[in-house]
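Written below as structure tokens is the structure these notes are about.
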Amino acid sequence: MRISYEWLKEFVDIKKSPAELADDLSLFGHEVDSIKKQDDNTILDFEITPNRGDCLSILGMVREVAALYELKVKSEKLKVKIKNGKIDKNINIKIADPKICPRFTARIIDNIKIQESPKWMQERLKSYGFRPINNIVDITNYVMVATGQPLHAFDYDKIKAGLMNVRLSKKGEEVTTLDGKNRILPENAIIIEDSEKIYDLPGIMGGIKSEVDEKTKTIVLQGAIFDPVLIRLASKYLNHMTDASYRYERGVDFEGTVQGVNMAAELIIETCKATCGDLIDIISLKEKEIKIAFETSKINRLLGTNFSEQEIKNYLYRFGIACYDNIATIPTYRRFDLKIWQDIAEEVARIFGYNNLGKSNFDPAETTPNKDYIKREYIKDKLKEIGFTEIYSYSFTDEKSLQQFGFSKNDVPEIEKPISPETQYLRPSLIIPLLKAAAKNPWAPEINIFEIEKVFSKDKEWWELGVLTSGNSDVMLKKVCDILNVPFKINDADKNILEAYKIRRPIKYLILKIGDINIDSHDYSLEISENKYRPISRFAPTIRDLAFIIDATIDSQDVEKTILEASNVILLVELFDEFVSDKFGQNKKNLAYHIWLQDLEKPVDDQKANKIIENIIKKIEDKFNAKLRS
Amino acid sequence: MKGHLHPLTQFMRQTLKYFTDRGFSIAEGDQIDSEWWNFDALNVPATHPSRDVQDTFWLKDKRLLRTQTTTTEAHLIGDNNLKPPFRLVVPGRCFRHEATDATHDYNFYQLDGIAVDKNIGMDYLIGILDGYMKSLFGNDIQIRFRPHLFPFVEPGLEVDVKMPNGKWREMLGAGMAHPVVLKNIGINPEKWQGIMWGPGVDRYMMYKFGLDDIRVSNSGDLRFLKQF
């Protein structure tokens, strides 16, 4: 919600700058996303949590600022003086069920003139984000932003016999709203009708059939309370959220309707010399006062504090919460979020400051090792040791993939409203993502990957291990089976699938339920890479292999590091072979690397690759007294 | 030649250790759960706007993909009739039905924590989270706690950390277990108090490794995976 700092200052004497205020209010529970200058206003953009409908106005934020800084709200600014005129017109309000509209406040205003609203008001409306329209619409919007009370103006002459029958809709009834849309209503939306037509969708949007236009002479200015849940359900059903419905579903102050209607009436009279009728205020359902019993010791136990009873009462008083003994009386505008003593404790903590609360540390305690977690992590470590790289992939899959891999879509859970075809089903097996990952790495000299995550059937989910390797050899997967102590049973990827994924090499894989793996596991590595991510190029990498004959005592990682430093075009240096043999000479070994080259801007061509490779050879030969193995 | 573990695997192990060192046991549960455990049990009624905050993948059979590991935490404690005092951390994959961008993806990882005891107050919550942020970002990092609304806690808070660019960045949500939630998981709120928190760990991992796009994490691209 966008709030003008200058507008706030009219009602409370803020001494802080907009930036300081934004910081302080953020720590008070109203996060400020941005501060912007617009015309003569400094606009703070607040994130108001859904429980704080009372803060969706200047007045609401003024109350918070006043509580925060222990300031007085300049309430004289809210005083309204209206001289009632004589009006010979009447409305006949009928409320079908008090619950749907506990309070209906209105005034008939005669002899109005539709014109532009004053410039100052237009600027205020723009600061909030409203487009100025005409004096009547602008004033209702202005007062809503100022006080939080949604208001609506009806053209009196369009309402037959002044009848305002407030009732719940029947399924399929229709109303055309001010945006020109004909809306087919669900059951239990709140509507207003006369003997001929439904002409309003109150709390959400006005109806065309009672719209104020340039010929309007008389209006009914209405500010009411509607049931939050009914407004929410209808607004959700119609997929139509407005500034009014947003406030109503969060809760509008029962005691704010008269203030809202009067303030708007005064502005209308002022701007177009209209005649104002008597206040109509129908309370069909009186709201009960909310009282919360609290105990000082409980609040202290919850917050880890040591406040005296008086301190707590003083803090609460700043929010307009009066306490007698240990009973707190909640202001009407706070009834939607202050319900239990823990809510009161939060108010105490907000005033005291969350960052001023103490910090305590846990005493040590025994933990129960999670065998399933340890087992999975242990398996990951073992696979890594023998050369497999772990992938993560999405839990979703699409219909086409299910078909290709021979799964029936009737056997897997289906998403009701998928974001895209790719998120329509939950994957029944890790082979789908593993094969897709293999297809994504066509350039990799060899692919040895695995994943451990959940897979799904209609009525079950289970942890699965999928392992995939490229090439004709069974050696890698045989090692996996040996380590995991499972029977050697591998699959060859189907030729048609390989073709569909443009994978031009044989693929073998293994799929196991983690539950079927019996392995003695008790620990896993806590090693963590210190590398920082280097972005990958949208161009395919160029990969070259290099092998050196080198002194057996030299650490392969030192060589790797030296290669990596040779050029910033080198992304990865991957050791794929290391063995000592006398055929290279005494105490010599062979080190072989895949060298992955990439450029973020363009492909790495042969000429460039050759130059880098030459440079690497020279460096390694010089530094380690090595020989290129050709 | 050795392979590589996904950066999030490496990171998750280390970050779990912070909590297991402090007496928290690791618990896990299902990724598909019911509307009751994901929302109602956590004091998020269908009729309240707070429900809108979370975009949910619903299944055709009316179950859903958990939007948070808090769901699993509550479900585990409720189903197993777990009696306090206890300390749990619940890592796992969660899901949000929202458009993806560099910092949001359909599936992501959370690490919920809960401790229930007789006299465990907000000071313990702030203490453990302060330490956790320091374990992630270093001892010199600036940390602040802000009031915030999460329906399953009261009071609720968010934790911000000051980034190298001087801006505060929101890191996680937390609070004192709401009495309705305690009741729903079979714990008497008159006797017991609980602290709860629920960070998304992907962004910590991104920070740790300097990753600028979360979607790379799920790409299966070896040029990414082999860097770590």
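These numbers come from the heavy atoms of this one structure, side chains and all, not from hydrogens, waters or symmetry mates. Residue numbering restarts at 1 for every chain, and letters A, B, ... go by the order of the sequence lines.
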To the nearest 0.5 Å, atom OH of A/Tyr354 lies from atom CE of B/Met122 at 4.0 Å
Heavy-atom closest contact (B/Phe24 atom, A/Thr367 atom, distance): O-CG2, 3.3 Å
Below 4.5 Å from any heavy atom of chain B, which atoms of A/Glu366 appear? Answer side chain, backbone, both or neither. backbone
So do A/Asn370 and B/Ser25 actually touch side chain to side chain, heavy atoms under 4.5 Å? no
Under 4.5 Å between any side-chain heavy atoms of B/Ile128 and A/Phe362, yes or no? yes
Just so I understand: if I count every heavy-atom pair under 4.5 Å between each of A/Tyr246, A/Trp462, A/Phe456 and chain B, which residue has the most? A/Phe456
Counting N and O atoms only, with roles assigned by atom type, does the side chain of A/Glu416 sit under 3.5 Å from a partner on the main chain of B/Phe57, one being a donor and the other an acceptor? no
Carefully, step by step, assess A/Glu414 and B/Lys60 under the rule salt bridge (charged side-chain N to carboxylate O under 4.0 Å, His left out). CA-CA 6 Å; A/Glu414 186 175 353; B/Lys60 282 222 160 140; 3.2 Å; yes
Side chains of B/Trp168 and A/Glu31 in contact at under 4.5 Å (non-hydrogen atoms): no
Under a 4.5 Å heavy-atom cutoff, which of B/Leu125, B/Leu157, B/Leu129 has the most pairs with chain A? B/Leu157
Donor-acceptor under 3.5 Å (A/Lys532 side chain, B/Lys208 main chain): yes
Considering non-hydrogen atoms only, spot the tightest contact between A/Asn441 and B/Gly220 and give its length. ND2-O, 2.9 Å
Non-hydrogen atoms of B/Phe145 and A/Leu27 that approach each other most closely: O-CD2, 3.8 Å
Ring centres of A/Tyr392 and B/Tyr109 under 6.0 Å apart? yes
Quick one: what part of A/Arg52 sits under 4.5 Å from any heavy atom of chain B, side chain, backbone, both or neither? neither
Compare every heavy atom of A/Ala444 with every heavy atom of B/Leu222, then report the nearest pair and how far apart it is. CD1-CB, 3.8 Å
Check whether A/Pro418 gets within reach of chain B through its side chain, its backbone, both or neither, counting any heavy atom under 4.5 Å. backbone
For a side-chain contact (heavy atoms from CB on, under 4.5 Å) check, start with the C-alpha distance between B/Asp123 and A/Leu357, then their side-chain angles and the critical distance, and finish with the verdict. CA-CA 6 Å; B/Asp123 48 331; A/Leu357 294 169; 6.0 Å; no
Taking A/Ile528's backbone N and O only, do any of them form a donor-acceptor pair with B/Arg13's side chain (distance below 3.5 Å, no angle check)? no
Smallest separation among heavy atoms of A/Ser529 and B/Phe209, with atom names: O-CE2, 3.3 Å
Let's test your reading of the structure: which of A/Ala345, A/Ser556, A/Ser395 forms the most heavy-atom pairs below 4.5 Å with chain B? A/Ser395
For the pair B/Lys226 (side chain) and A/Leu572 (backbone), establish whether a donor and an acceptor sit closer than 3.5 Å, ignoring hydrogens and angles. no
What residue, out of A/Leu383, A/Leu426, A/Asn448, A/Thr305, has the most heavy-atom pairs lying under 4.5 Å from chain B? A/Leu426
Answer yes or no: is there a side-chain heavy-atom contact under 4.5 Å between B/Leu65 and A/Phe396? yes
Testing the 3.5 Å rule here: is there a donor-acceptor pair between the side chains of A/Tyr394 and B/Asp105? yes
Can you tell if the side chain of A/Ile449 reaches within under 4.5 Å of the side chain of B/Leu225, non-hydrogen atoms only? no
If you count heavy-atom pairs under 4.5 Å with chain A, which of B/Thr20, B/Ile26, B/Val216, B/Leu64 comes out on top? B/Ile26
With chain B, which of A/Asp381, A/Leu434, A/Asp372 has the greatest number of heavy-atom pairs at distances under 4.5 Å? A/Asp381
Mind ranking A/Lys440, A/His30, A/Arg301, A/Glu347 by heavy-atom pairs under 4.5 Å with chain B and telling me who comes out on top? A/Arg301
Just by distance, do the side chain of A/Ser360 and the backbone of B/Tyr124 share a donor-acceptor pair under 3.5 Å? no
Per-residue tally against chain B (heavy atom, under 4.5 Å) across A/Asn361, A/Val229, A/Asn531, A/Ile452 peaks at A/Asn531
Given that the side chain runs from C-beta out, which part of A/Leu575 has a heavy atom under 4.5 Å from chain B: side chain, backbone, both or neither? backbone
Non-hydrogen atoms of chain B under 4.5 Å away: do they reach the side chain of A/Glu47, the backbone, both or neither? side chain
Would you check if there is a donor-acceptor pair between the side chains of A/Glu390 and B/Thr9 at a distance under 3.5 Å? yes
Using non-hydrogen atoms only, which part of A/Lys458 is less than 4.5 Å away from chain B: side chain, backbone, both, or neither? backbone
Can you tell me which of B/Pro147, B/Gly23, B/Gly3 forms the most heavy-atom pairs within a distance under 4.5 Å of chain A? B/Pro147
Within the 4.5 Å heavy-atom criterion, are B/Gln227 and A/Arg534 side-chain neighbours or not? yes
Establish, from distance only, whether the side-chain atoms of A/Glu453 and B/Gln31 form a donor-acceptor pair under 3.5 Å. yes
Student check: side-chain heavy atoms of B/Gln193 and A/Leu302 closer than 4.5 Å: yes
Flag, side chain of B/His97 to backbone of A/Lys417, donor-acceptor distance under 3.5 Å: yes
Would you check if the side chain of A/Gln342 reaches a backbone N or O of B/Pro179 as a donor-acceptor pair within less than 3.5 Å? no
For B/Arg63, all residues meeting salt bridge (charged side-chain N to carboxylate O under 4.0 Å, His left out), sequence neighbours excluded: B/Asp61
Between B/Asp30 and A/Lys454, does the side-chain contact (heavy atoms from CB on, under 4.5 Å) criterion hold? Intermediate values first, please. CA-CA 9 Å; B/Asp30 288 345; A/Lys454 284 277 181 79; 4.1 Å; yes
Ranking B/Gly121, B/Pro155, B/Gly127 by heavy-atom pairs under 4.5 Å to chain A gives rank one to B/Pro155
Going by salt bridge (charged side-chain N to carboxylate O under 4.0 Å, His left out), name the residues that satisfy it together with B/Lys83, two or more places apart in sequence or in a different chain. none
Under the salt bridge (charged side-chain N to carboxylate O under 4.0 Å, His left out) rule, what do A/Glu385 and B/Lys2 come out as? Steps first, then yes or no, please. CA-CA 5 Å; A/Glu385 263 167 45; B/Lys2 278 192 185 178; 5.9 Å; no
Counting only non-hydrogen atoms closer than 4.5 Å, does A/Phe388 touch chain B with its backbone (N, CA, C, O), its side chain (CB onward), both, or neither? backbone
Correct closest heavy-atom pair for B/Arg144 and A/Ser26 would be NH2-CB, 4.1 Å
For A/Leu303 and B/Met176: C-alpha separation, side-chain torsions, deciding distance, then whether side-chain contact (heavy atoms from CB on, under 4.5 Å) applies. CA-CA 9 Å; A/Leu303 301 178; B/Met176 300 303 297; 5.9 Å; no
For a salt bridge (charged side-chain N to carboxylate O under 4.0 Å, His left out) check, start with the C-alpha distance between B/Glu154 and A/Lys339, then their side-chain angles and the critical distance, and finish with the verdict. CA-CA 11 Å; B/Glu154 189 64 46; A/Lys339 293 171 178 167; over 6 Å; no
May I ask you to test the B/Gln10-A/Lys380 pair for a side-chain heavy-atom distance under 4.5 Å? no
Counting only heavy atoms closer than 4.5 Å, note whether A/Ile340 contacts chain B via side chain, backbone, both or neither. side chain
Using the rule given for side-chain contact (heavy atoms from CB on, under 4.5 Å), can you reason through A/Ile391 versus B/His6, listing the C-alpha separation, both sets of side-chain angles and the distance that settles it, and then say yes or no? CA-CA 6 Å; A/Ile391 70 160; B/His6 192 283; 5.8 Å; no
